[in-house]
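Heads up, the thing below is written out as C-alpha cells.
Every heavy atom of this structure was used, including side-chain atoms; hydrogens, water molecules and symmetry mates were not.
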Amino acid sequence: MSHFTIWDTLVLVAYIALTAAVGAWVGRKQGSTEDYFLGGRKLPWWAVGLSVMATQASAITFIGAPGWGYEGGLERLITFVNAPLAIGFLIAFLVPMFYRSGVYTVYEFLERRFDVRARVLAACLFLLARGLATGIVLYAPALVLSVVTGWPVNWTILLMAVIAVSYTVLGGISAVIWTDVMQMLVLWLGAGLSMVVMLDALPGGWSEVISVARDNDMLHPINLDTAPSATYSLWAGVVGGFFLHVAYFGADQSQIQRVLTSRSEHESKRSLILGGFLLVPQMMLFLFIGIMLYAFYAHTGAPNVDNPNELFPRFVVTELPPGISGLVVAGVFAAAMSSLDSALNSLSAVSVRDIYQRFIKKDASSAHYLAASRWATVLWGVFATCFAFFADNLGPVIEAVNKVGSYFNGVLLGAFWLAILSRRVNASGAFFGLVIGVVVVWSLTSVVEMSWLYYNLVGVVVVVVAGHLVSRCTGGRPSVSQIKGLTFARRPEKDAATTPSVRGWIIALILYFFGWIVFLFWLQSL
C-alpha cells in the first residue's frame with residue numbers, strides 16, 4: 001500500500017494553486033454585479049453545461065455516491081433516472097421565461113409577476129436552504145483532508161473555508177464555470193484510474209465484481225414497493241425525484257444562475273440538454289465505484305471505517321500510486337471549491353439583489369454593490385463554516401444535501417409554477433401559498449412517515465392548490481397587464497420553447513428516460 005507522499009502533496013498544492021490562479025484570472029475584469037453574478041451573460045453553452053455536470057460530480061458526489069453504492073448497490077440510481085424528464089420540463093417552461101426577463105436572481109421574477117412579498121419570502125427560503133446545504137458541501141472536502149493528513153476534521157473545515165471564501169471573493173461566476181470545466185476532467189480521470197486499480201487487484205477482474213454484486217443483491221435498482229415510506233422505490237424516484245430535480249435546477253438560484261450566464265436563450269437550453277443526457281450515466285459511474293469498493297474490500301479485508309463517506313477517500317490515499325492519489329484528492333479539492341464558490345456566489349447574489357439593494361441601499365454605484373457582494377460572500381462563508389461542524393451527524397453527505405433542499409425547493413418550485421403556468425393566481429395567493437407550503441412540508445416530516453423524495457412533490461402541490469384558493473378569496477385573478485409577458489404562452493407560435501428543434505430535444509430526452517427504465521428492469525432480471 002502507498003500513502004500520501006511528498007509527491008502527492010506537491011501535486012495537491014500545485015493543482016489548488018492552478019485552480020485559484022485560473023479563477024482569479026477569469027474574474028480579473030469584474031466591474032459590476034452583472035460581471036460578478038452573471039459573467040456579463042457571455043459564457044459559452046458547453047462550458048455552462050459542464051458546470052451543471054460538475055455540480056453533480058462535485059466533492060459531495062465524489063465522496064457520497066461511492067458510499068451509497070457500497071451500502072446499497074444501484075438502489076439509489078432511481079433517484080436520478082428522472083433527470084432527462086426534469087431537464088425537458090425546464091427547457092420547455094421555466095428557462096425561457098427566466099432568460100427573457102433579464103433577471104439577476106430568479107426571485108426577482110416573482111416580484112414582477114406577483115409582488116415584493118413573494119420575492120422576499122422566496123429569497124429568504126433559498127438563503128436558509130442553500131446556506132445550510134453549503135455547510136454540508138464544505139464538510140465533505142474537509143473530511144477528505146482529514147483522512148489524508150490525520151488532522152482533526154474541525155481544523156480542516158476551517159482551512160477549507162478560508163481557501164474557498166478567498167477564492168470565491170476573487171472569482172465570481174466566471175471563475176465558477178471555468179474551474180468547473182477543469183475539475184470535471186480531473187474527477188472523471190480520478191474515477192477511471194480508481195476503477196483500473198481495483199480491477200487489477202481483484203483476481204477475476206470484472207467477473208469478480210459482478211459475481212460479488214449479484215451475491216449481495218447490489219444490481220437490483222428497481223423497488224416496486226408502493227408505500228410512501230419506501231425511500232428508494234420506483235415511484236419515489238420517478239415521481240418524487242422528477243420534482244426534486246425540477247426544483248433543484250429550476251428554483252435554486254445556485255443552479256439556475258449558471259444558465260442565466262449563457263449568451264442566448266438557445267444556448268442556455270443547450271447547456272441543460274448536455275446535462276440531461278449525461279447526469280444519469282455519471283451517477284451510475286460513481287455508484288458502481290461503490291460496488292467495486294465492496295468487491296475490493298471483500299477480497300482484501302473489510303475497511304476500518306465507521307463513516308461511509310470515508311470509504312473512497314481512504315481507498316484513494318492508501319491504494320493509488322504516489323502522485324496519482326495526489327491528483328485525485330486535488331480533483332476533490334477543486335470540485336469542492338467549485339461547488340462552494342457557486343453556492344457562495346448565489347447566496348451573495350440573492351442577499352445583495354433581493355435584500356440589500358431592494359430595501360437597504362437602493363441607489364448606490366456599481367462599485368458599491370460589487371464590494372457589498374464580496375462582503376456578503378465572506379459572511380455566508382462564516383455561516384457555512386459554523387454549520388459544517390455539525391454535518392458529521394447527518395449521515396451520507398449526498399443524501400443530507402438533497403434532504404435539506406427538499407424541505408424548501410419544492411415549495412419554491414410551486415411559486416414559480418403559479419407564476420409561469422397559471423394566469424389566475426394573484427400576489428396574495430402566491431405569498432400565502434408559500435407560507436402554507438412551508439408549514440405543511442415541515443409538519444409532514446414529523447407526523448407522516450414518507451420518503452424525503454416526496455417532499456418536493458408535496459411542496460409543489462400544496463403551494464399550487466393553496467395559491468389558487470387564496471386568490472379566489474382575495475380579489476380573484478390579476479389583470480392582463482399584470483401578467484403580460486410573464487406567463488407561458490399557450491399558443492405554440494408565441495413561444496420559442498415549442499419550436500421544432502426544442503420539441504425534438506424534449507422528445508429525445510423523454511425517450512432517453514424510458515430507455516434507462518428498460519435498462520434498469522433488465523439489470524433487475526440478472
Side-chain angles (χ1 to χ4, degrees), residues 32-34 36-38 41 90 93-130 247 250-257 259-261 265 345-364 366 369 372-373 376 408-438 459-460 463-464 466-468 470-471 474-489:
S32 67
T33 51
E34 183 177 33
Y36 191 70
F37 296 135
L38 298 177
R41 300 184 193 268
L90 287 169
F93 298 106
L94 299 190
V95 170
M97 300 307 301
F98 291 151
Y99 196 90
R100 293 172 200 173
S101 67
V103 295
Y104 281 62
T105 76
V106 289
Y107 313 114
E108 292 180 57
F109 185 88
L110 292 179
E111 181 175 4
R112 296 186 187 182
R113 172 63 177 85
F114 298 120
D115 64 9
V116 70
R117 293 177 301 168
R119 174 184 182 177
V120 172
L121 179 55
C124 290
L125 291 176
F126 163 77
L127 291 173
L128 177 59
R130 183 48 53 187
D252 188 311
Q253 175 67 18
S254 67
Q255 303 307 311
I256 198 66
Q257 184 173 337
V259 177
L260 298 178
T261 64
E265 179 186 332
N345 188 266
S346 64
L347 288 165
S348 174
V350 173
S351 299
V352 172
R353 291 286 299 186
D354 294 305
I355 307 297
Y356 183 77
Q357 187 173 348
R358 181 67 178 79
F359 298 103
I360 300 173
K361 195 81 171 179
K362 295 185 177 181
D363 300 309
S366 294
Y369 290 129
S373 301
F408 301 94
N409 286 346
V411 174
L412 292 173
L413 177 61
F416 290 112
W417 193 292
L418 291 175
I420 293 172
L421 299 177
S422 174
R423 301 185 177 195
R424 298 178 179 274
V425 177
N426 59 29
S428 293
F431 176 76
F432 287 106
L434 276 169
V435 173
I436 294 169
V438 171
V460 172
V463 172
V464 170
H468 279 91
V470 172
S471 294
T474 56
R477 61 192 301 170
S479 66
V480 174
S481 61
Q482 289 176 304
I483 63 175
K484 185 177 181 180
L486 298 174
T487 58
F488 184 75

Taking the side chain as C-beta and beyond, is there a heavy-atom pair between [X] and [Y] under 4.5 Å?
| X | Y | result |
| --- | --- | --- |
| Leu94 | Leu413 | yes |
| Val480 | Arg423 | no |
| Arg113 | Thr487 | yes |
| Leu347 | Leu127 | yes |
| Leu121 | Phe431 | yes |
| Phe114 | Leu418 | yes |

Practice prompt. Indicate whether the side chain of Ser428 and that of Asn426 have a donor and an acceptor atom separated by less than 3.5 Å.
Written response: no

Distance-only, no hydrogens or angles: does the [X] side chain make a donor-acceptor pair with backbone N or O of [Y] under 3.5 Å?
| X | Y | result |
| --- | --- | --- |
| Tyr107 | Ala118 | no |
| Glu108 | Thr105 | yes |
| Ser348 | Ser373 | yes |
| Arg130 | Gln253 | no |

Practice prompt. Report the relative orientation of the aromatic rings in Tyr369 and Tyr356; use parallel for angles under 30°, tilted for 30 to 60°, perpendicular for over 60°.
Written response: perpendicular

Mind listing the closest non-hydrogen atom pair of [X] and [Y] along with its distance?
| X | Y | result |
| --- | --- | --- |
| Pro96 | Glu265 | CB-OE2, 3.4 Å |
| Val120 | Asp354 | CG2-O, 4.5 Å |
| Asp115 | Ala427 | OD2-CB, 3.3 Å |
| Val463 | Gly414 | CG1-C, 3.5 Å |
| Leu260 | Tyr104 | CD1-O, 4.0 Å |
| Arg358 | Arg119 | CD-NH1, 3.6 Å |

Any chance you could measure [X], atom [atom1], to [Y], atom [atom2], to the nearest 0.5 Å?
| X | Y | atom1 | atom2 | answer |
| --- | --- | --- | --- | --- |
| Leu434 | Cys124 | CG | SG | 11.0 Å |
| Leu110 | Leu486 | CG | CG | 10.5 Å |
| Arg112 | Ser101 | CZ | OG | 5.0 Å |
| Ile360 | Ile355 | CD1 | CD1 | 7.5 Å |

Practice prompt. Could you tell me whether Phe98 and Phe109 have their ring centroids closer than 6.0 angstrom?
Written response: yes

Worksheet item: Would Val259 and Tyr99 count as a side chain to side chain contact (heavy atoms under 4.5 Å, CB included) if you check the C-alpha gap in whole Å, the side-chain angles of each, and the deciding distance to 0.1 Å?
Response: CA-CA 8 Å; Val259 177; Tyr99 196 90; 5.6 Å; no

